Protein chains: 2
Amino acid sequence: MRERELIHLLAARLRGTHSLLACGIGDDAAVWEWNEKEYGLLSVDTLYEGWDFDRIYHAPRYIGYKAAASAMSDICAMNGQPLFLMVSLGIPQGLSPAYIEDIYEGLRRVEEKYSVAVVGGDISASRDLWLSVAVMGRVEKSKIAYRRGAHPSQLLCVTGDLGGAYAGLKILQREKAVFLQNPTFQPDISGFNYVVSRQLKPEARCDMVARLAELNIIPTSMTDLSDGLAAGLHALAQASGYGFHVYLHRLPFHEQTQRVAELYDMPLTAFMVYGGEEYELLFTVPVFEYDKLRQEPQIHVIGYVREDKQVLLEDPFGNVEPLQELGWDSLRGRDSPQREGVSPSA
Amino acid sequence: MRERELIHLLAARLRGTHSLLACGIGDDAAVWEWNEKEYGLLSVDTLYEGWDFDRIYHAPRYIGYKAAASAMSDICAMNGQPLFLMVSLGIPQGLSPAYIEDIYEGLRRVEEKYSVAVVGGDISASRDLWLSVAVMGRVEKSKIAYRRGAHPSQLLCVTGDLGGAYAGLKILQREKAVFLQNPTFQPDISGFNYVVSRQLKPEARCDMVARLAELNIIPTSMTDLSDGLAAGLHALAQASGYGFHVYLHRLPFHEQTQRVAELYDMPLTAFMVYGGEEYELLFTVPVFEYDKLRQEPQIHVIGYVREDKQVLLEDPFGNVEPLQELGWDSLRGRDSPQREGVSPSA
């Protein structure tokens with residue numbers, strides 16, 4: 001059973017209601033009444049060793065940083081800003097206090113960069129290393145963006161570039177394989193620094209949330225790309241009841257991502273469409289916002305909202321194909337054969 | 001290194017500051033500005049298999065219930081009421097969806113009993129079973145109770161009774177040992193239902209927080225007894241800079257706890273003073289509240305705040321001994337020899 005199905009099954013068992021709650025389980029974060037003008041937001045995300053990071057190439061400070069960024073991304077996906085983090089840590093025997101301190105060094109850098117505060121946490125002796133980060137944020141009521149809300153003919157947009165985190169993973173896995181055969185080997189990521197940093201030290205797009213506010217643009221629907229573009233499109237489609245028409249030639253990518261795709265003789269499209277851990281924002285806006293969008297080079301219009309429920313990808317030759325709802329797990333799943341049954345958290 | 005020391009070390013590395021934050025790491029929950037009249041509260045607590053529960057005698061619904069109660073107890077310890085829970089779950093391979101559903105059944109019962117809502121969660125494939133529950137609550141500013149604030153000659157109080165959860169653990173461990181030798185054996189907990197339920201399905205004392213409000217009593221300092229009475233006393237002493245004088249004959253206990261102590265030829269005092277997982281509240285109040293306190297049979301005055309920093313226990317014969325800061329871990333640690341290095345979360 002996939003995590004999402006299981007979570008649906010479980011959510012159905014819960015009451016999940018409260019007079020202060022505007023939206024419970026089902027969107028990127030839960031939404032509650034803070035005051036007349038603002039909603040509070042709550043979300044939690046767990047990174048698990050061997051699945052979301054690898055101790056061989058993830059320095060501990062990057063593990064802390066990535067866990068926090070990944071959790072904060074859910075707040076950005078509501079068009080909100082994170083405020084407070086709580087960090088639960090599972091620590092395997094034998095990890096030195098210095099190693100754990102370095103995980104916290106990563107969290108300190110997150111505090112500084114994002115003006116957030118780690119306000120609590122606990123530590124459990126564990127067999128595997130894991131971090132669960134709960135995050136609280138807020139958003140002006142007038143600016144909140146749910147997954148629902150896309151409407152036909154609206155523009156579909158994405159921030160940053162796509163597929164970089166997966167490209168970085170491919171490079172890191174290549175270097176790890178060499179390292180395991182020859183432990184004196186020095187990893188060589190030259191020429192791939194950008195995509196490797198996308199994998200090791202991703203950023204939540206709080207900057208893009210702030211930029212949208214500056215441009216006075218309120219997305220009609222939004223989610224993040226933690227599970228990849230295809231999963232994000234299907235999440236927005238399902239929530240709104242409409243579909244999407246996506247132009248392949250509009251999808252943004254970094255030159256290094258293209259080079260990794262060539263290196264592995266894989267289609268660049270697979271990286272852009274199914275690569276996860278991106279933490280970029282996918283959102284829809286009314287057509288009349290087009291001129292404003294053009295002022296921000298990191299925002300790309302990649303398609304539009306369809307009247308029907310289809311999610312379609314059109315290539316530069318005019319061929320149109322349905323975009324499968326393959327998730328990120330299916331791409332990277334082969335790298336973690338020990339993980340079956342319940343899929344881990346996204 | 002004990003968890004508490006490690007958390008101090010780590011907290012020192014963090015900034016942990018925010019303009020909305022009234023109190024970060026260091027008390028039972030973090031405190032932030034909700035509005036003019038109220039604070040918001042945040043805390044997180046993790047239960048880990050083999051340490052905080054045992055699948056052999058903890059039915060999955062009790063695991064869910066206990067994890068939530070344990071997390072909510074931190075909110076009660078600030079004199080607040082819980083509102084929302086987020087649940088991260090680590091699930092070992094081979095656990096059936098029905099088992100996981102039953103964990104959620106426990107959470108649903110918590111939602112009902114405590115009028116809270118589970119508003120989010122995620123699931124990770126894991127080698128061990130664990131639950132991390134982040135909880136948000138609130139408290140009127142005028143009623144918040146920090147760990148600091150005890151003042152000489154104030155009364156020291158505790159709710160409920162002491163040592164029951166540890167007594168229940170002893171009975172369950174006895175039954176487990178028999179079961180492991182003879183799997184057809186039916187466990188017999190007759191005569192010990194109360195203490196067993198204290199271990200399996202503890203309650204957060206939200207009712208006592210409400211009762212204090214009814215009685216119009218605001219504790220001057222408060223914590224919960226998740227780590228046992230001795231640890232709670234030392235936490236309040238350290239935070240206030242004063243000590244405590246505790247009368248052994250005033251400590252409340254259940255008749256079943258006494259019987260378990262006799263059964264194992266252990267001093268009842270060890271159960272009451274060092275037994276953890278109680279989730280009872282330990283607090284101080286001004287002397288003039290004494291008459292109000294007497295209206296609530298579940299509140300027991302067990303001593304007073306001293307001028308000096310000593311934490312002393314006086315027996316019925318007038319002998320006075322310093323109360324060691326032995327934690328709950330030291331009592332139960334022997335049962336989990338695989339757990340060394342970092343002590344798990346409390």
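Source: prediction; values computed, not measured. Chain letters run A, B, ... following the sequence lines, proteins first, then strands; residues in each count from 1.
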- request: Give, as side chain, backbone, both or neither, the part of Val116(A) having an atom under 4.5 angstrom from any heavy atom of chain B.
  value: backbone
- request: Report the distance from atom CG of Leu21(B) to atom CZ of Phe84(A), rounding to the nearest 0.5 Å.
  value: 5.0 Å
query: What's the shortest heavy-atom distance between Val44(B) and Gly120(A), and which atoms?
result: CG1-C, 4.5 Å
message: Evaluate Asn35(A) against Asn35(B) for side-chain contact (heavy atoms from CB on, under 4.5 Å), listing each step before the verdict.
response: CA-CA 8 Å; Asn35(A) 56 41; Asn35(B) 56 41; 5.7 Å; no
- line: The reported gap from CG in Asp128(B) to CZ in Arg127(A) (rounded to nearest 0.5 angstrom) is 4.0 Å
message: Please rank Met86(A), Arg15(A), Met136(A) by heavy-atom pairs under 4.5 Å with chain B and give me the top one.
response: Arg15(A)
task: Quick one: pull up CG in Leu20(A) and CZ in Arg138(B) and give me the separation to the nearest 0.5 Å.
output: 5.0 Å
message: Can you tell me which portion of Glu38(A) sits under 4.5 Å from chain B's heavy atoms? Options are side chain, backbone, both or neither.
response: neither
message: Distance check, rounded to the nearest 0.5 Å: Tyr48(B) atom OH versus Ser126(A) atom OG?
response: 2.5 Å
message: Can you tell me how the ring of Trp32(B) sits relative to the ring of Trp34(A), calling it parallel under 30°, perpendicular over 60° and tilted otherwise?
response: tilted
- prompt: Between Leu85(B) and chain A, which part of the residue has a heavy atom less than 4.5 Å away: side chain, backbone, both or neither?
  reply: neither
- request: Measure Ser19(A) against the heavy atoms of chain B and call it side chain, backbone, both or neither at under 4.5 Å.
  value: neither
query: Is a side-chain N or O of Glu111(B) found less than 3.5 angstrom from the main chain of Gly16(A), in a donor-acceptor match?
result: yes
- prompt: Could you give the distance from CG (Leu10(A)) to CG (Leu89(B)), rounded to the nearest 0.5 Å?
  reply: 8.0 Å
